[in-house]
Amino acid sequence: MSYRDLREAFRDIPGVETLQVSRAENGNQIITIENRSVEVGPMASNDEIRFALLNPWIRTENTRMSITGYEPGTIQAKLADIKQKAADRRAASMAKLDAALAKTATVDDQLEAEASRIEKEADAALHEFAAFTNGSPYGDETGG
């Protein structure tokens, strides 16, 4: 039955202007009017659907009722979404850590290069100083 046919068939039900039709995982249709949902099996008649929508506490043979508006699978889908978002966040954090590690390695390399340069300058200055004082901290360079 089409959406238009259902809307016409249920025109006497309050809130029919909010009619929504969706498909359940098992192939049934889920008919929702305001906060009431009915899962409709292939053998449900319009009268049976109407009865279920108007009398939520009485079960019918070919329908399942949800007065809360809950649709089967929504909790599982929400949990899967939460797990995926957590996994995405962990992956982003790990990528930041990897980037920080790479930057730390670059800084370490630069510090090591600078330390080597300063050490060479200091050695050169000590050798130059030793030439003026006739005494070398590296041994006797004057031969005497």
Side-chain angles (χ1 to χ4, degrees), residues 1-133 135-141:
M1 182 169 278
S2 75
Y3 174 83
R4 184 175 288 165
D5 293 338
L6 287 173
R7 193 165 178 161
E8 179 63 26
F10 301 139
R11 69 183 175 278
D12 60 323
I13 297 177
V16 72
E17 61 278 353
T18 65
L19 175 71
Q20 294 180 351
V21 180
S22 59
R23 183 116 3 233
E25 288 182 20
N26 61 7
N28 290 343
Q29 283 187 325
I30 298 173
I31 298 174
T32 303
I33 295 179
E34 291 182 334
N35 64 345
R36 301 166 302 210
S37 294
V38 176
E39 184 173 327
V40 180
M43 301 304 291
S45 68
N46 286 348
D47 290 334
E48 192 172 18
I49 297 167
R50 176 182 291 101
F51 186 76
L53 286 167
L54 296 173
N55 302 288
W57 303 110
I58 300 173
R59 290 193 50 90
T60 58
E61 184 179 334
N62 295 305
T63 61
R64 289 189 288 178
M65 185 68 197
S66 171
I67 61 169
T68 63
Y70 166 75
E71 291 187 31
T74 55
I75 293 173
Q76 186 176 11
K78 184 65 172 177
L79 288 173
D81 183 51
I82 289 169
K83 287 179 183 178
Q84 184 60 49
K85 286 179 180 176
D88 293 346
R89 189 169 181 195
R90 276 191 305 274
S93 294
M94 293 304 289
K96 283 183 181 180
L97 284 173
D98 289 343
L101 179 62
K103 287 179 181 179
T104 301
T106 301
V107 169
D108 288 347
D109 292 345
Q110 289 175 348
L111 286 173
E112 200 171 309
E114 188 64 18
S116 293
R117 186 187 64 76
I118 291 170
E119 186 177 35
K120 287 178 185 176
E121 285 180 13
D123 285 344
L126 285 172
H127 282 96
E128 187 177 338
F129 182 73
F132 289 110
T133 61
S136 171
Y138 300 106
D140 185 21
E141 294 180 3

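The structure displayed is predicted, hence computed values, not measured ones.
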Validation row: Ile33, Leu19 side chains within 4.5 angstrom (heavy atoms): yes

For Asn28 against Gly41, the heavy-atom pair lying closest together: OD1-CA, 3.6 Å

Closest heavy-atom pair and its distance - Phe10, Asn46: CE2-O, 3.5 Å

Heavy-atom pair of closest approach, residues Glu34 and Gly15: OE2-CA, 3.5 Å

Where at least one partner belongs to residues 109-121, residue pairs that pass salt bridge (Lys or Arg N to Asp or Glu O under 4.0 Å), sequence neighbours excluded: Glu114-Arg117, Arg117-Glu121

Interatomic distance, Leu53 atom CG to Ile31 atom CD1 [nearest 0.5 angstrom]: 7.0 Å

Shortest non-hydrogen separation from Pro14 to Leu54 and the atoms involved: CD-CD2, 4.4 Å

Salt bridge (Lys or Arg N to Asp or Glu O under 4.0 Å) partners of residues 74-98, not counting sequence neighbours, each pair once: Asp81-Lys85

Salt bridge (charged side-chain N to carboxylate O under 4.0 Å, His left out) partners of Asp47, counting only residues at least two apart: Arg50

Side chain to side chain, Ile49 and Gln29, heavy atoms closer than 4.5 Å: no

